[in-house]
Every structure is written in C-alpha cells, then in structure tokens.
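Written out below as structure tokens is the structure these notes cover.
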Protein chains: 2
Amino acid sequence: MTPLVQSFVGHFGEMGSRWGINRTVGQIYALIFVSPTALCADEIADTLGCSRSNVSMGLKELQSWRLVKMKHVAGDRREFFEAPTDAWEVFRTLAEERRRREMEPTLTMLRSALLEEPGSEADRIAQERMRSMHDLIDLMSTWFDDVQRLDAQTLAKLMRMGSKVQKLLELTGQLKSGSKE
Amino acid sequence: MTPLVQSFVGHFGEMGSRWGINRTVGQIYALIFVSPTALCADEIADTLGCSRSNVSMGLKELQSWRLVKMKHVAGDRREFFEAPTDAWEVFRTLAEERRRREMEPTLTMLRSALLEEPGSEADRIAQERMRSMHDLIDLMSTWFDDVQRLDAQTLAKLMRMGSKVQKLLELTGQLKSGSKE
DNA sequence: ATCAAATTTCAGTAATTACTGAAACTTCGA
DNA sequence: TCGAAGTTTCAGTAATTACTGAAATTTGAT
C-alpha cells in the first residue's frame with residue numbers, strides 16, 4: 001500500500017463503527033474502492049494483515065450491502081472483487097440499504113402500534129406522537145424510492161439548486177394558483 | 001409502562017445498535033419521546049430497570065445529539081428531560097448531526113489526500129476515485145445545509161412531489177432555454 | 001471419481017463496548 | 001457553612017462483537 005492508500009484505508013477503518021460496519025469491513029471496502037484492478041481475498045488479507053476468514057466474512061457483508069461485486073477472471077479459479085466507482089450509484093445503493101435496514105422495521109412496528117386501542121390518556125398521547133413519527137418516516141421512505149428513479153444528472157441539478165428550489169415551488173404554486181396547500 | 005409504550009421502547013432498544021447508539025440510549029429516547037410529561041433520571045432508571053449512572057450517561061449522549069432537552073420545574077431541584085415532538089425538527093437535527101459526525105471527518109481526510117502528489121499510476125487512479133467521492137459528499141453536505149433552511153411545509157411539499165420534480169426541472173430548463181447544463 | 005485449490009464455517013479467544021455501584025462532586029435551602 | 005438531595009465520574013465487571021486458525025465444504029480440472 002502506498003501512503004496515500006494507507007491513509008484512506010486507515011480512515012475507513014476508524015470510521016467503520018460510526019457507519020455501522022466494523023474496522024475490517026471498512027478497510028476492505030476502501031482498499032477495493034481505490035484499487036485499479038479487482039482484488040482476490042488473499043491479496044486483501046495480506047495487504048490488511050488480517051486473517052483470510054475475516055476477509056471472507058467482510059466480503060460477504062459488503063456484498064449484502066451491494067457495495068462490492070464478484071468478478072471472475074478467465075483461467076483463474078479465484079474470485080475477484082471490485083467496487084462500483086460511480087459515486088451516485090454508490091450513494092443510491094447506500095440510501096436504499098439503509099432505508100431497508102434502518103427504517104422499514106420501525107415503520108412496521110409503528111403501523112402495528114397504531115392499530116392498537118389506546119388503554120389510557122397516556123397511550124393516546126403516545127400514539128399521537130408515534131403517528132407523526134410514522135408519517136414522516138413513511139414520507140421519507142417513499143421519497144427515497146422516488147429519488148432512486150431520477151438519473152444522476154437530474155439529481156445533481158436538483159441538489160445544486162439547494163434551497164433555491166423553494167422559489168421554484170412558490171412559482172409553480174402561483175401558476176396552479178388556487179390548488180390546495 | 002403500558003404494553004403499547006413497552007413495544008415502542010423495546011423496538012428502539014433493539015434498533016439502537018443499527019442506528020449507532022446503544023440499547024439503553026435508544027430506550028431512554030423512546031420513553032421520553034412518548035411521555036406526556038418531562039421525565040427525571042430516576043423515573044427513567046426505574047422504568048427501564050437500569051442503573052441511575054447508566055441513565056446519566058445516556059442522557060448526556062442524547063443531549064449531544066440534541067434529541068432531548070433539559071427542563072427545570074419550579075420548586076424541584078431535579079432535572080427533567082423532554083424530546084422535541086415535531087418530527088421535522090427531529091429529522092433536521094438528526095441529519096445535521098449525522099453530517100457532522102459521519103461525513104465531515106471523511107471530507108477533511110479526502111481533501112488532504114487530494115493535495116498529495118500521486119507517487120504512481122495506482123495512486124493517480126486512487127486519487128481520481130477519491131475525488132469523485134469527495135465531490136459527491138461535498139455536494140450532499142452543502143445540500144443538507146440548504147435543506148435545513150427550508151421550512152417544514154416546503155420540505156414536505158418537495159418530498160410529496162417525489163420524482164415529479166424532474167418534470168418541473170425540465171420545464172424550467174426550457175424556460176431558461178439555452179442556459180448551461 | 002479424485003485431488004488440489006479456493007472458500008466458508010465455526011468453536012474458541014481477543015478486543016471492545018456497555019453497565020453497575022460506590023465514591024466524588026455539585027447545588028441549593030436553611 | 002453545613003447537610004441533604006441530586007448528579008457525574010470512574011474503576012471494575014458483564015455482555016457483546018470481532019477475529020483467528022483449524023476443519024469442513026465447495027469447485028473445477030483431469
């Protein structure tokens with residue numbers, strides 16, 4: 001590893017826990033991400049100085065996040081791994097997986113809690129707050145879904161507009177004039 | 001705790017680790033969030049069946065995330081805690097804190113890596129990929145900042161539009177006609 | 001079918017993170 | 001300024017999570 005790659009890999013290792021993955025998984029991803037060629041498990045284990053089995057588990061997790069993909073090289077029995085380099089694609093994948101893992105279970109729980117009959121005034125208030133939480137998460141979730149479908153260019157344009165989009169909305173509001181909200 | 005609150009609190013405890021907080025911190029937040037009144041540390045410890053000191057640390061962490069705020073009750077020396085109930089405010093706070101903790105350190109690292117002189121072809125390719133990662137994170141970061149400033153209503157409208165915003169952008173692109181991108 | 005290379009699984013261990021209870025500290029009324 | 005109520009700190013311990021190496025399994029060429 002060159003010093004440049006080393007500092008990148010090191011950082012991903014340190015940040016891993018903050019991002020919900022462990023050190024090795026973070027390092028494996030970083031290494032694959034910057035590598036000009038697809039890497040095999042042994043190379044990764046050697047470079048990072050960790051066990052082959054640890055790399056195997058790490059790659060499995062990265063595949064479950066769809067952050068790396070397997071590749072076969074003709075005349076070589078080993079499996080090689082590479083990472084999508086298109087940043088937008090990576091962002092989309094990450095957003096989708098996070099929604100699935102971090103939001104969906106909560107939505108399910110909230111939906112079932114909202115079907116219960118409140119047994120007290122405290123329950124009624126609790127349910128009210130759960131409802132507002134549910135509605136927001138649901139909205140965000142749907143929005144993510146929609147945004148997934150936009151192409152990178154449109155998305156970038158939208159983001160670069162930033163808060164100017166507000167003016168745009170005001171404008172269309174005027175065009176449609178009397179429509180609700 | 002009523003069964004309703006119990007299932008909510010239990011879920012937040014289980015999801016905690018996925019969200020980057022621990023079980024107790026998740027439970028404390030959930031309990032405060034649905035409570036009709038502000039709670040003191042002892043009530044929380046009793047309700048959750050964990051130690052007073054654990055609650056103290058948990059509250060400190062929740063305050064660092066700005067998810068709960070302290071409140072003083074006249075004639076009572078104890079500190080009480082409540083959670084903002086406006087879902088949009090909570091979302092904004094969470095987005096801002098996550099940006100600060102999960103994105104900013106990486107931006108800093110990337111910026112310094114991009115200043116280095118690549119020592120090889122591999123370094124050059126690595127740097128190229130780091131640059132695309134940097135540019136996206138930077139764009140997202142700025143966008144978050146902008147979106148922070150929108151009021152809840154505008155934000156909700158924008159989200160409800162979902163991918164229809166694309167059509168709107170196409171429209172404005174036509175209006176401005178020959179302008180770049 | 002057999003063998004060797006490659007990969008995965010898993011039980012045991014290391015490292016990390018969470019939690020507790022006791023002690024130290026802070027705050028405020030008397 | 002003293003003391004009691006409240007809060008925080010911290011060293012020790014419990015629980016969890018990460019990692020390893022050996023054994024088992026899979027894969028594909030002969």
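All chains are named by letter (A, B, ...) in the order of the sequence lines, taking the proteins before the strands, and each is independently numbered beginning at 1.
- Per the geometry, CD belonging to B:Gln27 stands 12 Å off C1' belonging to C:dA18, to the nearest Å.
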**Request:** Mind running side-chain contact (heavy atoms from CB on, under 4.5 Å) on A:Met103 and A:Arg98 for me, showing each step along the way?
**Result:** CA-CA 7 Å; A:Met103 294 166 72; A:Arg98 277 189 123 160; over 6 Å; no
**side-chain contact (heavy atoms from CB on, under 4.5 Å) evaluation trace for B:Met15 with B:Arg18** = CA-CA 5 Å; B:Met15 293 297 286; B:Arg18 235 179 262 198; 4.2 Å; yes
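- In this structure, CD in A:Glu104 is found 5.0 Å from CZ in A:Arg99, a value given to the nearest 0.5 Å.
- From one end of the helix from C:dA1-D:dT30 to C:dA30-D:dT1 to the other, with five pairs defining each end axis, the axis direction shifts by 30° (rounded to 10°).
- Seen from the ring of B:Trp65, B:Arg101 counts as a face-on cation partner, given the 6.0 Å and 45° thresholds.
- Closest-nucleotide positions on DNA chain D for A:His72 and A:Asn22 were compared, and the one nearer the 5' end corresponds to A:Asn22.
- When each of A:Leu31, A:Ile32, A:Ile28, A:Val55 is tested with A:Phe81 by the rule side chain to side chain contact (heavy atoms under 4.5 Å, CB included), just one qualifies, namely A:Ile32.
- Distances shorter than 4.0 Å separate some side-chain N or O of A:Arg23 from OP1 or OP2 on D:dC19.
- Nucleotide D:dT7 holds its P atom 13 Å from the CD1 atom of B:Ile28, rounded to whole Å.
- Using a 30° and 60° split on the angle between ring planes, A:Phe91 and A:Trp88 fall in the perpendicular class, above 60°.
- We find that CD1 of A:Ile21 is positioned 16 Å from P of D:dT17, with the value rounded to whole Å.
- Taking only distance into account, the side chain of A:Arg77 never meets the base of C:dA6 through a donor-acceptor pair shorter than 3.5 Å.
- The separation between A:Asp76 atom CG and D:dT27 atom P is 16 Å, rounded to whole Å.
- Non-hydrogen atoms lying under 4.0 Å from DNA chain D are contributed by A:Cys50, A:Ser51, A:Ser53, A:Asn54, all within residues 35-68 of chain A.
- A straight line from CZ of A:Arg18 to C1' of C:dT16 spans 16 Å, rounded to a whole angstrom.
- In this structure, B:Phe12 and B:Trp19 have perpendicular ring planes: the angle between them is above 60°, well past the 30° mark.
- Distance check: A:Arg131 CZ to A:Leu114 CG gives 5.0 Å after rounding to the nearest 0.5 Å.
- Look at CZ on A:Arg78: it is 15 Å from P on D:dA29, rounded to the nearest Å.
- Of the side-chain N and O atoms in B:Ser17, none sit less than 4.0 angstrom from OP1 or OP2 of D:dT16.
- One side chain, B:Thr154 or B:Asp151, offers a donor N or O that lies under 3.5 Å from an acceptor on the other.
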